[in-house]
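In what follows, residues are counted from 1 in the order of the sequence shown. Quick note: numbers below take in every heavy atom, side chains included, and nothing from hydrogens, waters or symmetry partners. Read the numbers this way: they start at 1 and go in the same order the structure lists the ligands and their atoms.
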Amino acid sequence: MSDMNLRNKPVVRDPLERSRDFGEVCLGFTPQAAALEAQRCLGCKAAPCMKGCPVGVQIPRFIACLKDGDVAKAKAVILKDSSLPSVCGRVCPQENQCEKLCVRAVKGQPVAIGLLERFVADNAQIQGVAAKKTGKRVAVVGSGPAGLACAGDLIRAGVDVTVFEAFHKLGGVLVYGIPEFRLPKALVEKEVAELAQLGVTFEKDVVVGKTVELSELAEQYDAVFVGTGAGLPMFMNIPGENLNGVFSANEYLTRVNLMKAYLADSDTPVFKSKKAVVVGAGNVAMDGARTALRMGAEVSVVYRRGREEMPARAEEIEHAEEEGVELKLLSNPVRINGENGFVKSVTCIKMELGEPDASGRRSPVAVDGSEFDIECDMVLMALGTSPNPLLTSSCKALATGRRGVIEVDESLETSLKGVYAGGDAVTGSATVIRAMGQGKKAAASILQSFENNR
Ligand SMILES: Cc1cc2nc3c(=O)[nH]c(=O)nc-3n(C[C@H](O)[C@H](O)[C@H](O)COP(=O)(O)OP(=O)(O)OC[C@H]3O[C@@H](n4cnc5c(N)ncnc54)[C@H](O)[C@@H]3O)c2cc1C
Ligand code: SF4
């Protein structure tokens, strides 16, 4: 392979040092590495990489600006399609999206599109400009990526926007799910501050469906966007799940991230595990495992399929292993064992991969008589989430589908006229960029409906 077939490397902190604190693990490209990496982009006319990006960021165009040394212009190009580039550059599963389709990947390694996007976003300051006021008012429920993207596009189009958030912090999963060592919270605060500067009003500690009804918002505003995410964790329904020391990974991460349980003087401390088992293999499982490790535990991740099938970002799996997380693949918990009401061990059974299932993935089959125990004092369940039914159960007119997702039409309008929805609340747990894409699509539909009714 010639050097141009290999990607330039970002600065990554030493595993031993970083696994003891919550500081960011990957520090991104140096200016020199970013310039060299930009040179690897072939500037393909057909731009297959763009087809892999759920919001169609103009990748060759922004990289061309970077080649010219114009970082501000590069950021302006990205912002046309993505409102949170410093976030997406860090957390998008690029290997399955834009980078998967990069022509360079045929003979070597794809251009590091995510790292370049992050470099541009972190190194250019651009002030957005709000358009002339239209007199229209929209309520956005939830301040995750879907809500923020929707609010951003609407305010820039001259619409007055108020975001209602249940928590005391803004940003959704970006602040209470994804840990500081992967996504510094200051970045999310900066994105939120930019929206506030443009004129978006944020109302925190408002639970729509409790503090105020969705129907009231629908009456008071010209349109409503619901981006309430999918925060309800699933469990395995195996014996022992009620023992002390069994948590959903989402709850554990929220306590550590949002309530800062890692600080010595935190008033919401978490259980300090010595030996933890994490069940699952997605981003939530990896974040739970690496957080427990930083809180002082030895950690094993138990997953019923093989490495190839692990849904987490490749980089997170690599980083977790470097830091000392042990992967126990093709293993499935069947029972959690306790002593005096507290977790003592998990009994697992070995699995082997059988025929492909409906999803095309080979389904795991239990191997008879292969049970084994893993000693532990904490179990984190990271098996996926579904939308919290609080809002939908308080507003029966809002049609829902399988696992409680909100039903929408092509324009993302719900069964309630003028009420739109998007993000995890509609798709079930997915990705930041997909949620953002839906927030933007809903904003476009809302603007179109205003235009149609003029
Ligand atoms: C631990 C973890 C790690 C992840 N890692 C990645 C990753 O690396 N890459 C990636 O692309 N994706 C990742 N994801 C998934 C991604 O974060 C989500 O797909 C995305 O945040 C969904 O955005 P959203 O705006 O739809 O919902 P959310 O981010 O969930 O935001 C919804 C917001 O609505 C608020 N809300 C809920 N109900 C109400 C109500 N009734 N009234 C008012 N407010 C309400 C919530 O408090 C929340 O702030 C991860 C998820 C988790 C949990
Ligand atoms: S937003 Fe995500 S998928 Fe799109 S170009 Fe950026 S890193 Fe790739």
Nitrogen or oxygen atoms of Ala425 and ligand 1 under 3.5 Å apart: no

Closest protein heavy atom to atom 8 (Fe) of ligand 2, given as residue, atom name and distance to 0.1 Å: Cys98 SG, 2.3 Å

Ligand 1 versus Val173: contacting region, heavy-atom distance under 4.0 Å: both

Atom indices of ligand 1, in the order listed, that fall short of 4.0 Å to a heavy atom of Ile178: 3 (C), 4 (C), 5 (N), 6 (C)

Part of Cys92 within contact of ligand 2 (heavy atoms, under 4.0 Å): side chain

Protein residue, atom and distance nearest to atom 27 (O) of ligand 1, heavy-atom basis: Gly229 CA, 3.3 Å

For atom 5 (S) of ligand 2, the option (of Met50, Arg434, Glu117, Arg90) bearing the nearest heavy atom: Glu117

Polar proximity ligand 1 side, Pro145 side, N/O cut 3.5 Å exclusive: yes

cation_pi(Arg18, Phe181) dist<6.0 Å, angle<=45: no

Atom 31 (O) of ligand 1: nearest protein contact (heavy atom, Å): Gly144 CA, 3.4 Å

Test of proximity, Val284 against ligand 1: N or O pairs below 3.5 Å: no

Side chain, backbone, both or neither: Leu170 near ligand 1, heavy atoms under 4.0 Å: neither

Atoms in ligand 1 with a heavy atom of Arg313 nearer than 4.0 Å: 8 (O)

Glu241 side chain vs Met236 backbone, donor-acceptor pair below 3.5 Å: yes

Closest protein heavy atom (residue, atom, distance) for atom 9 (N) of ligand 1: Val91 O, 2.6 Å

Per-atom contacts of ligand 1 with Leu253, taking only distances under 4.0 Å to non-hydrogen atoms: 1 (C)

Option set Asp424, Val426, Val212, criterion heavy-atom distance to atom 20 (C) of ligand 1, minimum: Asp424

Check: Asp287 N/O within less than 3.5 Å of ligand 1 N/O: no

Atoms of ligand 1 close to Gly423 [distance to a heavy atom under 4.0 angstrom, numbered from 1]: 26 (O)

Short N or O distance, Val432 and ligand 1, threshold 3.5 Å exclusive: yes

Check: Ala166 N/O within less than 3.5 Å of ligand 1 N/O: yes

Where ligand 1 meets Gly227 - atom numbers and elements under 4.0 angstrom, heavy-atom basis: 32 (C), 33 (C), 34 (O)

Atom indices of ligand 1, in the order listed, that fall short of 4.0 Å to a heavy atom of Phe167: 47 (O)

N or O contact, Val207 vs ligand 1, cut-off under 3.5 Å: no

Ligand-residue contact atoms, ligand 2 with Gln94, heavy atoms, under 4.0 Å: 7 (S)

Ala430 N/O under 3.5 Å from ligand 1 N/O: yes

Options Thr228, Val140, Val175, ranked by nearest heavy atom to atom 37 (C) of ligand 1, top entry: Thr228

Part of Arg182 with heavy atoms under 4.0 Å of ligand 1, whether side chain, backbone, both or neither: side chain

Location of contacts on Asn250 toward ligand 1, heavy atoms closer than 4.0 Å: side chain

Atoms of ligand 1, numbered as shown, that sit under 4.0 Å from any heavy atom of Ala146: 25 (O), 26 (O)

Smallest separation among heavy atoms of Ser331 and Val302, with atom names: O-CG1, 3.3 Å

Side chain, backbone, both or neither: the part of Ile59 lying under 4.0 Å from ligand 2 by heavy atom: side chain

Contact atoms of ligand 1, heavy-atom distance to Val206 under 4.0 Å: 42 (N), 43 (C)

Flag, side chain of Glu191 to backbone of Leu84, donor-acceptor distance under 3.5 Å: no

For atom 4 (Fe) of ligand 2, closest protein heavy-atom neighbour: Cys53 SG, 2.3 Å

Phe164 contact mode with ligand 1 (heavy-atom cut-off under 4.0 Å): backbone

Heavy atom of the protein closest to atom 1 (S) of ligand 2 (residue, atom name, distance): Ile433 CD1, 3.4 Å

Location of contacts on Val141 toward ligand 1, heavy atoms closer than 4.0 Å: side chain

